[in-house]
Amino acid sequence: MSEPTADVDVVIVGGGPAGIAAARRLRDHRILLLEETDRLGGRLRSEPRGRYWINLGGHLFPGEGSHIQEIIGDLGLRTIEIPGIKFALSFAGRLRRNRRVETYPLTLRWTPRERLGLVRVGLTMLRAVRGWHEAMKPRSGETEAQRRARVAGYLADRTFRDLIGTPPERVDAIFRAAARRAASEIDEQSAGVGVSLFGAVWSGKKSSMALNLDGGSGRLGEAAAADLGAVVSFGSRVVRVAPDGDGVLVDYVKDEEKTTIRARQVVMAVPAPVAHRVVEGLPDDVHRVLGEVTYGPFLTMGVLTGETGPMPYDDIYAVTTPDESFDMLFNHANPLRRGARRPGGSLMVYSGGAPAAELMRKTDQEVAETYLADLYRLFPTLRGAVEETVVQRWELGNVYRRPGLDFTPMLRYCGRTDTSIHFCGDWFAELGNMEVAAGSAVEAAERVDRHLRAAARA
Ligand SMILES: Cc1cc2nc3c(=O)[nH]c(=O)nc-3n(C[C@H](O)[C@H](O)[C@H](O)COP(=O)(O)OP(=O)(O)OC[C@H]3O[C@@H](n4cnc5c(N)ncnc54)[C@H](O)[C@@H]3O)c2cc1C
């Protein structure tokens, strides 16, 4: 093991959207970004395939005025509008499309008992979503971090199951599939998490789910890596972060060799369980919070297709599929479907929560066979058109708030001015997304910047 060297102002651990945002904000200092894998982007991942891309991770980008849009613009990238239907529903053998999403269930054939159950849960949800929209509005004098904490507290004292009760099985199946967008089950996630999933979808034109990154979400990490250059060290797995006098020691393993570097400040831009494992010397309550943040798995499969004519899903971007082995299907070629229909296409299917954990234990080939069997049944014209499948396992797929998590020790810690280890990431929200990751990273980076400037003046 090499001797510690007092080398840099800031070490940033993790090169997902949070690490990228922090590195860009701190690039005027001497920084080093340590990333375990051979790429930046974290859970935003896609691979180019000709004019299409295979998508494997996050893909819905926030709009104008967001931190992510600022990064995208600075890097010379651009988001593109998704023209297609964002919330089709395939259920009981029929594909529902084109109507307002909240009315889909009303078009299904239900028994009187199911219909009554649906109306009951529908009214509960309408009230709760209205409350969520109210909670989302910024209040005067409030910082973004304070607003985020307040929204995370919305209906955080009970599970989503507590809120919706147990509706008849077929009604429940729709809610279960929708809830798995939070990589968890209805009885695991807080009611606020479940409601936020529906709130984002029921926002109509204001929906936050309307943009893709041109060329695929993987372009963000590629462009950021090119832009940051030599300050990124790939293949560098951080194994220990420990305060040391007025600095911090960071141990990392690269090419099987352990190196220790000394930094004045460290930004931890990794999932909470990783931070919990590697960071030492934290106050007990902060360490405990890191260990209590909950994640659920996502299993995704990208599908490259080579059809020569139109497909029944060409005008759709997303379909919820409660009857299938996957929870949702995305048509990643939809944003490119303007003008004449070009041959080929790209789809992604995913499972979240308990079914994802179960299916993840199978081999890639078994996963592909399971997913493809359902895809072919849904869209028989796909048979013979699939050219390639890529299976991706995300064990820490998404973070979701469980009822009862007291996040205040972490927020109090972030408010301190005497710390050298800072945290950011999507786990600062009740439900992970790239904008929270970037926003919390900019806040952490600003604390670091203030600290370094104050130290330089002293
Ligand atoms: C299938 C899927 C779909 C999603 N869809 C969307 C979406 O449409 N819109 C949206 O906003 N969000 C979506 N998300 C969530 C979004 O991807 C995350 O919220 C976001 O990537 C979080 O960014 P982050 O930087 O906090 O963490 P991550 O993206 O997880 O990045 C963390 C980085 O740290 C690195 N790392 C971990 N441990 C170490 C270590 N010990 N040493 C060094 N490096 C380490 C990792 O390799 C990784 O690069 C989706 C996620 C998945 C999996």
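Order of listing sets the numbers, starting from 1, for every ligand and every atom in it.
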Could you tell me which atoms of ligand 1, counted from 1 in the order shown, lie closer than 4.0 angstrom to a heavy atom of Leu44?
17 (O)
For the 3.5 Å polar cut-off, considering only N or O atoms, please tell me whether Asn433 and ligand 1 meet it.
yes
Can you tell me which residue among Val267, Leu33, Val231 is in a side-chain contact (heavy atoms from CB on, under 4.5 Å) with Leu26?
Val267
Quick one: pull up CZ in Phe326 and OG1 in Thr321 and give me the separation to the nearest 0.5 Å.
5.0 Å
Which of the numbered atoms in ligand 1 are below 4.0 angstrom from a heavy atom of Thr37?
47 (O)
Which of the numbered atoms in ligand 1 are below 4.0 angstrom from a heavy atom of Thr300?
1 (C)
Counting heavy atoms only, which part of Val274 comes closer than 4.0 Å to ligand 1: side chain, backbone, both or neither?
side chain
Based purely on interatomic distance, does Arg43 place a nitrogen or oxygen under 3.5 Å from a nitrogen or oxygen of ligand 1?
yes
Are any of the N or O atoms of Ala18 closer than 3.5 Å to those of ligand 1?
yes
Note: heavy atom closest to atom 52 (C) of ligand 1, options Tyr252, Phe298, Trp427, belongs to Phe298
When the ring planes of His59 and Phe330 are compared, do they come out parallel, tilted or perpendicular, using 30° and 60° as the limits?
perpendicular
What I want to know is whether Pro17 and ligand 1 share at least one N or O pair that is separated by under 3.5 angstrom.
yes
So the atoms of ligand 1 within less than 4.0 Å of a heavy atom of Gly42 turn out to be 29 (O), 31 (O), 48 (C), 49 (O)
What atoms of ligand 1 come within less than 4.0 Å of a heavy atom belonging to Ala437?
22 (C), 23 (O), 24 (P), 26 (O)
Examine Glu435 against ligand 1 and note whether any of their N/O atoms are separated by less than 3.5 Å.
no
Only heavy atoms of Val270, strictly under 4.0 Å: list the atoms of ligand 1 that pass.
34 (O), 36 (N), 37 (C), 38 (N), 39 (C), 45 (C)
Atoms of ligand 1 close to Ser236 [distance to a heavy atom under 4.0 angstrom, numbered from 1]:
42 (N), 43 (C)
Applying a 4.0 Å heavy-atom criterion (strictly less than), which segment of Ala441 is in contact with ligand 1: side chain, backbone, both, or neither?
neither
Who gets closest to atom 6 (C) of ligand 1 by heavy atom: Gly14, Ala318, Gly57, Gly58?
Gly58
Mind checking the CG-CD1 spacing from Leu452 to Ile31? Nearest 0.5 Å is all I need.
11.0 Å
Could you check whether any side-chain N or O of Ser190 sits under 3.5 Å from a backbone N or O of Pro403, counting only pairs where one atom can act as donor and the other as acceptor?
no
Kindly indicate whether a cation-pi arrangement holds for Arg401 with Phe407, taking the cut-offs as under 6.0 Å to the six-membered ring centre and within 45° of the axis.
yes
Heavy-atom closest contact (Trp53 atom, Leu336 atom, distance)
CZ3-CD1, 3.9 Å
Would you find a donor on one side and an acceptor on the other, under 3.5 Å apart, between the side chain of Glu435 and the backbone of Ser66?
no
Taking both backbone and side-chain atoms of Leu60, is any N or O found less than 3.5 Å from an N or O belonging to ligand 1?
yes
Is a salt bridge present between Arg240 and Asp251, judged by a nitrogen-to-oxygen distance below 4.0 Å?
yes
With under 30° as parallel and over 60° as perpendicular, where do the rings of Tyr413 and Phe423 fit, or are they tilted in between?
tilted
From the candidates Glu36, Arg237, Met348, Glu35, the one that places a heavy atom nearest atom 47 (O) of ligand 1
Glu35
Have a look at Trp427 and tell me which of Val289, Leu290, Val436 forms a side-chain contact (heavy atoms from CB on, under 4.5 Å) with it.
Leu290
Which heavy atom in Val151 sits nearest to a heavy atom in Ala135, and how many Å separate them?
CG2-O, 3.5 Å
For Leu34, atoms of ligand 1 separated by under 4.0 Å from a heavy atom
43 (C), 44 (N)
